[in-house]
Structures are given as structure tokens and as C-alpha cells.
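Heads up: the structure comes next, in C-alpha cells.
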2 protein chains.
Amino acid sequence: MVSERRSSPHSDPAGHPPLIETLDRAGLRITGPRRAVADLIDARSGLFSAQDLLDDAGRKRVPIGRATVFRALDLLEELGVVERIELPDGGHAYVACEPAHHHHAVCDGCGRVREVDDHALTDAIAEIERHTGWTVSGHRLELYGRCPECRTTAPAEASRS
Amino acid sequence: MVSERRSSPHSDPAGHPPLIETLDRAGLRITGPRRAVADLIDARSGLFSAQDLLDDAGRKRVPIGRATVFRALDLLEELGVVERIELPDGGHAYVACEPAHHHHAVCDGCGRVREVDDHALTDAIAEIERHTGWTVSGHRLELYGRCPECRTTAPAEASRS
DNA sequence: GAGGATATGAGACATGGTCTCGGAAAGACG
DNA sequence: CGTCTTTCCGAGACCATGTCTCATATCCTC
């Protein structure tokens with residue numbers, strides 16, 4: 001489980017439109033459970049696990065099946081508005097994000113996640129292709145560290161390279 | 001005692017010394033099971049899962065407990081000679097590697113893994129730190145694509161950003 | 001509305017990994 | 001070598017995170 005931290009009850013901290021809109025625009029069925037999951041995600045900020053959503057749902061007395069949460073998450077991931085990321089400790093978490101290609105920086109102080117783009121990385125990959133002979137069709141980059149707010153507070157715990 | 005010394009078709013692509021030596025040099029106990037796991041890994045190339053090692057062990061009639069395999073893998077990971085990587089499909093796999101910091105490129109044709117270093121990435125990260133105000137203490141980069149041998153054969157399947 | 005396509009929920013199953021605990025083996029020492 | 005302490009091992013229970021199945025409920029279109 002990923003820790004609980006929410007900011008404003010419903011607003012999209014990073015300015016995303018409500019997730020449910022994405023489903024709608026993609027021409028997918030808007031069902032009660034889907035809407036519920038979308039809302040639960042919108043109400044969070046930063047990292048969360050499927051279990052977190054289930055817990056939230058229980059707390060709010062919104063009955064949703066486990067499988068449904070995973071299915072909704074898959075769907076949203078496919079649409080690019082939710083991403084599953086790997087944590088330094090080997091665990092997983094989900095995070096809502098923009099559909100455009102980007103990477104995530106995860107703060108190990110507060111769990112906040114920030115999107116980062118990667119012009120420089122693109123160049124780096126081109127370079128790698130050039131001298132290894134590989135064709136790189138995809139990549140995954142995650143950054144771990146501390147956000148400006150946490151930088152001055154408690155020291156970070158170990159993180160892997 | 002396991003007979004078979006690295007019999008893999010593409011053995012030792014990067015010229016690693018036997019893994020068991022790493023344990024020895026680290027001053028850790030060299031026990032039968034640890035040696036067995038080290039040998040099993042040496043005999044492989046590319047990605048493998050804990051289950052693969054267990055299967056190999058069964059095939060060679062080397063009885064090793066599941067927990068022991070995971071413990072040995074943890075140990076080797078701590079020493080930096082084995083790394084656990086995230087696959088594009090969300091699964092995990094292990095791979096033997098050099099202890100120095102680097103990244104992996106995974107071929108989705110043959111499963112081969114190549115180590116890649118990242119001068120350019122280091123610069124890219126410095127750049128990110130500079131204009132986001134974050135302190136990046138660690139990162140994880142994985143590249144997916146096709147190695148030169150597979151590039152000309154069957155087309156790659158989809159892979160994620 | 002009615003009907004067919006699709007999604008849902010409950011819970012079994014799968015996978016990958018961790019924990020516990022009694023027993024066994026490694027290494028230190030005399 | 002024998003004994004002692006420390007560490008490791010194996011078996012299997014346990015756990016977390018997902019996936020699958022299938023009967024039922026729901027959505028959307030006509």
C-alpha cells in the first residue's frame with residue numbers, strides 16, 4: 001500500500017480534467033463503477049495502489065469489486081491517463097498523468113509525483129542506438145529523489161540507482 | 001555439486017567472472033546452495049526469473065528450496081551483480097550484470113540483455129534538477145527494443161513508452 | 001422500452017515473494 | 001578432531017497483487 005496523502009478533496013492538483021471525461025471521449029461506456037473509480041482517483045494526488053482505491057471506496061461506502069478496480073485501472077492505463085510505476089523498493093503504484101509521453105519523478109519524502117519530459121533523454125537514446133546497433137522502441141525512466149518542499153526536511157532514505 | 005559449467009549458447013557475453021567469486025570476495029559464507037544458485041545463474045544468459053532457476057535446479061536434480069533461491073538472489077542483488085528489472089508488460093525478471101551503475105536494454109526478440117551506460121542521461125538529469133528544483137537521488141532506466149541480430153527478423157510487438 | 005453487447009461482483013486461482021521455525025552446516029577455536 | 005556459536009537451509013504457511021470465470025446486472029441503440 002502506498003501512503004495516504006490527499007490534497008484538495010476534489011480538484012485536480014495538476015490540472016487534469018476529470019478522468020471520467022477521458023472515458024467518455026474515448027467512446028467507452030460510462031458505468032457507475034467506472035465513474036466511481038475515476039472519481040476516487042481524481043480525489044487523490046500522488047501515488048496510490050489498487051488497494052488504496054478499494055479502501056477509499058469502502059470508507060465512502062461505495063461498493064466496488066476488486067476485479068472492477070483493476071479493470072478500470074487497466075482501461076485508464078491504456079488510455080494513457082494513469083500509469084503504473086515501479087518503486088525503488090520493487091513495489092508498484094499507480095499515478096494519474098497526462099497522456100503525452102513523459103516520465104515521473106517520485107518524491108521519497110511526501111510521495112508527490114511530478115511529470116518530467118525528456119528531450120535530452122531522446123538524444124541520449126539516439127546516441128545509444130548509434131553505437132550499439134540496437135533499435136530502441138520503448139523505454140521507461142523513473143526518477144527518485146526529493147521535491148523542493150521536502151528537500152529541506154528529513155533526509156531521504158536509501159534509494160537505488 | 002553441480003557439474004555443468006556455463007553451457008549457455010551465448011555464454012558470458014560480458015565476461016563476468018563466476019558469481020560465486022563475488023560472494024567469496026565479499027567475505028560471505030560460501031555454502032552449497034549459494035554456490036548452486038550462482039552456478040545456475042552463470043549457466044544462463046539474458047533474463048531469468050526465480051522460477052526459471054528453480055526449474056533448472058529441478059532438471060539437474062539439485063534440490064534447493066524456493067526461499068533459498070530468493071535469499072540468494074537478494075544477496076547477489078545487494079552486491080550489485082544481479083539486478084531485478086521491470087519488463088514492459090509489468091512483469092519482473094532478474095539478470096546478471098556488472099556492479100557498476102548502468103542500465104539495461106532488453107531485446108524483445110530474443111530476450112538478450114545488454115548493459116548500456118549513460119553519460120548523456122546524467123547530463124539530462126542534471127538539467128531536470130536545475131529547472132524543477134528537485135534533488136534526484138536515484139533513477140531507473142530500462143530500454144526495450146531489438147538487438148542487431150533480431151532487428152532483421154520478425155517485427156517487434158508493441159512496447160510501452 | 002426491448003434486446004444484445006458489455007461490464008460487474010464474488011470468489012477461485014495464479015504468481016511472485018516473505019516469514020517462521022526446527023534442524024543442519026560453516027567456521028572459530030582449543 | 002570435537003565442540004560451540006552463528007548463520008543458513010528447507011518446508012510450507014502466509015501474503016499481496018493481479019487475473020479468470022461465470023452468472024447476473026447494466027448500458028446503449030433501435
Side-chain angles (χ1 to χ4, degrees), chain A residues 1-3 19-20 22-41 47-58 60-79 82-95, chain B residues 1-2 20 23-41 47-58 60-79 82-95 160:
Chain A
M1 97 221 59
V2 173
S3 50
L19 284 183
I20 192 70
T22 307
L23 286 176
D24 196 10
R25 254 197 305 263
L28 293 164
R29 278 199 184 170
I30 308 297
T31 66
R34 271 162 13 184
R35 183 187 301 276
V37 172
D39 287 350
L40 290 172
I41 296 174
L47 299 173
F48 60 88
S49 65
Q51 192 54 52
D52 288 337
L53 297 183
L54 253 357
D55 292 347
D56 288 356
K60 299 189 179 174
R61 308 286 146 80
V62 183
I64 312 184
R66 229 161 73 85
T68 302
V69 170
F70 282 105
R71 284 188 282 234
L73 247 11
D74 283 352
L75 209 56
L76 293 169
E77 190 176 0
E78 213 143 292
L79 296 175
V82 158
E83 197 164 319
R84 201 172 91 144
I85 72 182
E86 163 108 346
L87 303 174
D89 70 8
H92 286 141
Y94 298 86
V95 63
Chain B
M1 183 151 336
V2 191
I20 192 69
L23 286 177
D24 197 9
R25 256 198 303 265
L28 293 164
R29 277 199 184 168
I30 308 297
T31 66
R34 281 178 184 175
R35 182 187 302 276
V37 172
D39 286 350
L40 289 172
I41 297 174
L47 299 172
F48 60 89
S49 64
Q51 192 54 51
D52 288 337
L53 296 183
L54 253 356
D55 292 346
D56 288 357
K60 298 186 179 177
R61 309 288 145 80
V62 184
I64 310 185
R66 223 162 78 85
T68 302
V69 169
F70 282 105
R71 284 189 283 235
L73 247 10
D74 283 351
L75 208 58
L76 293 169
E77 189 175 1
E78 214 143 291
L79 296 174
V82 158
E83 197 164 319
R84 201 173 92 143
I85 73 182
E86 164 106 346
L87 271 17
D89 69 8
H92 286 139
Y94 298 87
V95 62
R160 60 170 303 123

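The chains referred to below are lettered A, B, ... by the order of the sequence lines, with proteins before strands, and numbering in each begins at 1.
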Task: Whole angstrom value for the distance that separates C1' of C/dG9 from CG of A/L54 - done: 12 Å
- [ ] With the side chain counted from C-beta on, respond yes when B/L79 and B/L28 share a heavy-atom pair under 4.5 Å apart, and no when they do not.
- [x] yes
TODO: Using a cut-off of strictly less than 4.0 Å, decide whether B/T68 has a side-chain nitrogen or oxygen near OP1 or OP2 of D/dG10.
DONE: yes
- [ ] Check whether any side-chain heavy atom of B/L75 sits under 4.5 Å from a side-chain heavy atom of B/V82, and report yes or no.
- [x] no
- [ ] Would you kindly give the CZ-to-P distance between A/R34 and C/dT6, to the nearest whole Å?
- [x] 11 Å
- [ ] Give a yes/no on whether any side-chain N or O of B/Y94 is located under 4.0 angstrom from OP1 or OP2 of C/dG16.
- [x] no
Task: Whole-Å distance separating the CG atom of A/D52 from the P atom of D/dG18 - done: 11 Å
TODO: Would you mind reading off the distance between B/I30 atom CD1 and D/dC8 atom P, rounded to a whole angstrom?
DONE: 11 Å
Open item on the list: Can you tell me which nucleotide in C/dA26, C/dT18, C/dC19 comes closest to the side chain of B/F70?
Closed with: C/dT18
TODO: Take the protein atom CD1 of B/I64 and the nucleotide atom P of D/dC8, then report the distance between them rounded to whole Å.
DONE: 16 Å
Open item on the list: So does A/S49 get a backbone contact from the side chain of A/D52, meaning a donor-acceptor N/O pair under 3.5 Å?
Closed with: yes
Open item on the list: Measuring to OP1 and OP2 of C/dT18, would you say a side-chain N or O of B/R71 lies under 4.0 angstrom away?
Closed with: no
- [ ] Looking only at side-chain atoms of A/R29, point me to the closest of C/dG4, C/dG9, D/dG18.
- [x] C/dG4
TODO: In whole angstrom, give the distance that lies between atom CG of A/D24 and atom P of D/dC28.
DONE: 9 Å
Task: Position toward the 5' end of DNA chain C (nearest nucleotide), A/G65 or B/H92 - done: A/G65
- [ ] Check whether any side-chain heavy atom of B/D39 sits under 4.5 Å from a side-chain heavy atom of B/V62, and report yes or no.
- [x] no
Task: Spacing between B/R66 atom CZ and C/dG16 atom P, to the nearest angstrom - done: 9 Å
TODO: Mark yes or no for whether A/R84, through its side chain, and A/H92, through its backbone, hold a donor-acceptor pair below 3.5 Å.
DONE: no
Open item on the list: How many whole angstroms separate atom CG of B/L28 from atom P of D/dC8?
Closed with: 8 Å
- [ ] Measure from the side-chain heavy atoms of A/T31 and tell me the nearest of C/dA7, D/dG18, D/dT19.
- [x] C/dA7
